[in-house]
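Everything numeric in this text was worked out from a predicted model, so none of it was measured.
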Amino acid sequence: MFIPERMRKVTVIGPQTVMERTVKELYRLKAVHVSDHKQDDGLDIGSPFEKAERLSSVLVTVRAVSAALGIAGKKELTNGFRAVGLKNLSELERAVRKLNDEVSRLLSARKEAEDELRKIAEQEAALSRVEGLGLDIDVLSQTRSLAFFIGTVKDSGKLKVALSAMTDKFDVAEAEESSGQLIALFIESSRRDDAAEVLAKSGFVEFQIEPLRGLSGSPGLVLEALGRKREKLQKQVEAAGRSISRLSSKWNDFVLLSEQIISSELEKAEAPLRFGVGKKFFVVKGWVPASELNGLEAGLGKAAGERIFVESEAPHHSEMVPVRMDNPKPARPFEFFMNLYALPRYDEIDPTLFMFVTFPLFFGFILGDVGYGLVTFFLLLWLKEKFGASSKLISLMIPAAISSVVFGFVFGEVFDFEHAFGYEFPHLISRAHQVNEMMLIAVAVGLVHLNLGFVLGFINELHHKGIFKAFAAKLSWILLQAAAALAYLSFSGRIGMPWQIFVAAAVACVVLISYGEGLKAIEILGLPSNILSYARLMAVGLSSVILAVVVNDLSGQIAQAGVFGVIASIILLFIGHTLNLALGLLGGFLHSLRLHYVEFFTKFFEGGAIPFRPFGSRRGE
């Protein structure tokens, strides 16, 4: 419960004739975290089964279909191929290929129509501009005797004057545009270069006429024809879209289940790539929970008969053992915090159960309001019903909300009101009026929490370094704090013993810590700030109280201004308390988490383990 689940290192050896049966059984059992074989012990890496390449190809096709149809989500897989109404891989492969051909045909037809629509859009844009020139499309081109230019200029009048000074054998058609004038210039071929120079001086910007190639006739008539063609193509695109949508709806479950089936079959087919193989035998190495070892031996024995051999041993201290946390059901949602930070190593204490207790306490201490706690509690229940039990974050916040209600009664606060209708709510301590007492409580909580971390650190170190070094590295911190406190009490005259004795004890503790912790002993300088950091339990909660009091007082004043004042007061209360609750939730969550990650964990926790992922399980299971 306080440590990860106990593991056994297993080695499975058998003849290659039963390798496929062994793989199927390992996949079914979902009990062994397989360690990838490395060519360092004379064994080669195995080769995938023959159907692996075929499965890989089908999987690529299924995923392509899934992406094309916009299929997403999850579907629980049971009964293997029977889940999709098929008998075997060959039937599934044919069905997938057929579906892919249909999807490809529809996508190809839609793409062709969309490409044509884009082309028409370019043609319509170009025609809309040249329509004002009053010219047929056929004449907008070069001839042997005439040079042709089309584009925009800033002042067509000045252009004509400049051209007239050069020759009178030209013609200009023009149309007004927002950026200037669109002109079509026809001039004798011998003056092409001269005309280009004059156009350049007139700020000429060439109009791309390429979209009009292949069109002829009046721009207006061509636009009408293109409009009719565009409507027809749009209907084709819409029809293809509807067909794709129908396919997506019809084949949604089939595609989701097929991907799972093929993925699992491919994982089994590629499993030998993780094994070691000799000429006639194979070796699988990995890790299995101690509680599942007997089931593994029985399952493999039944699948492969007497031809399989399973050897198990306890992990060595230096080995990187995959970790599966072992916590009571109520505490399991808090494993979310460990996955977010780092998994505990196999040989150290798992902090999850401690966070199950202390995180809600810290959160409740900060938020500490009956009204806010109840709103949060019912909001979380609604979210849990909406998103299901899969959200560990929602599940772990429910105890925190309950803690907020409890502390709300301790502080006597309901939406930060301490009294209503002349009645003062009962309380044990007032956050608003007993700030010093709240500060002392917060610091005392910090002392207990930090020293719990040192005790846990001592237990961790005890297994690795022996009792003396573990004592020096961890328990000396507790003695240092005690020596410092006694030295202060002695120096201030509150106890009769000489303060020098306690100072000497404190120095001895520093020496022990330096011996046990090494360079980490520098953290002695940060110990006071670690302890004072817990003052945030009081400070963040007090800031919420002050903000709520301002909202309550202001709304009370506004409510005295008649009917509209009452309405405005209600709106202010709703907005103000909603904002304050949001800030309280965020502050309570982040600061509570920080006190664990930064202050608590650093006293005993290292982490860095790899998660236990048995062969056959999907990520996240």
* Between Lys9 and Glu319, is there a side-chain N and carboxylate O pair less than 4.0 Å apart? -> yes
* To do: Could you pull out all residues at least two apart from Glu231 that satisfy salt bridge (Lys or Arg N to Asp or Glu O under 4.0 Å)?
  => none
Contacts under 3.5 angstrom, residues 63-70 side chains, donor-acceptor by atom type, not counting sequence neighbours:
from: Arg63; atom 1: NE; to: Glu259; atom 2: OE2; distance (Å): 3.0
from: Ser66; atom 1: OG; to: Ile71; atom 2: O; distance (Å): 3.2

* Asked: Are any of the side-chain nitrogens in Arg54 or Glu93 under 4.0 Å away from the carboxylate oxygens of its partner?
  -> yes
Under 3.5 Å, which donor-acceptor pairs link side chains of residues 98-105 to any protein atom two or more places apart or in another chain?
from: Glu102; atom 1: OE2; to: Arg105; atom 2: NH2; distance (Å): 2.9
from: Ser104; atom 1: OG; to: Asn100; atom 2: O; distance (Å): 2.8

* Could I get the full list of side-chain contact (heavy atoms from CB on, under 4.5 Å) partners for Val34, not counting sequence neighbours? => Val32, Arg274, Phe275, Val284, Phe615
* To do: Under the side-chain contact (heavy atoms from CB on, under 4.5 Å) rule, what do Leu223 and Glu124 come out as? Steps first, then yes or no, please.
  => CA-CA 6 Å; Leu223 279 170; Glu124 288 178 327; 4.0 Å; yes
* In chain order, what residues pass the side-chain contact (heavy atoms from CB on, under 4.5 Å) check against Lys24, with sequence neighbours excluded? -> Glu20, Lys268
* **Set of residues satisfying side-chain contact (heavy atoms from CB on, under 4.5 Å) with respect to Glu122, sequence neighbours excluded** => Pro211
For residues 375-382, run the donor-acceptor check on the side chains, cut-off 3.5 Å, and write out each pair with its distance to 0.1 Å, sequence neighbours left out.
from: Thr376; atom 1: OG1; to: Tyr372; atom 2: O; distance (Å): 2.7

* To do: For Ser47, check side-chain contact (heavy atoms from CB on, under 4.5 Å) against everything at least two apart and list the hits.
  => none
* Mind checking salt bridge (Lys or Arg N to Asp or Glu O under 4.0 Å) for Lys250 and listing every partner two or more places apart, or none if nothing turns up? => none
* Asked: Can we call the ring centroids of Tyr341 and Phe601 under 6.0 Å apart?
  -> yes
* Asked: Among all residues two or more places apart in sequence or in another chain, which pass the salt bridge (Lys or Arg N to Asp or Glu O under 4.0 Å) test with Lys229?
  -> Glu116
Can you give each donor-acceptor pair under 3.5 Å made by side-chain atoms of residues 291-302, sequence neighbours left out, with the distance rounded to 0.1 Å?
from: Ser291; atom 1: OG; to: Glu5; atom 2: OE2; distance (Å): 3.3
from: Glu292; atom 1: OE2; to: Arg324; atom 2: NH2; distance (Å): 2.8

* Begin with the C-alpha distance, continue with both residues' side-chain angles, and end with the deciding distance and a verdict on side-chain contact (heavy atoms from CB on, under 4.5 Å) for Phe600 and Leu452. => CA-CA 8 Å; Phe600 184 53; Leu452 172 62; 4.1 Å; yes
* **Ile467 CD1: over 12 foreign heavy atoms closer than 6.0 Å** => no
* **Over 12 foreign heavy atoms within 6.0 Å of CD, Glu50** => no
* Asked: With Glu335, which residues qualify under salt bridge (Lys or Arg N to Asp or Glu O under 4.0 Å), at least two apart?
  -> Lys392
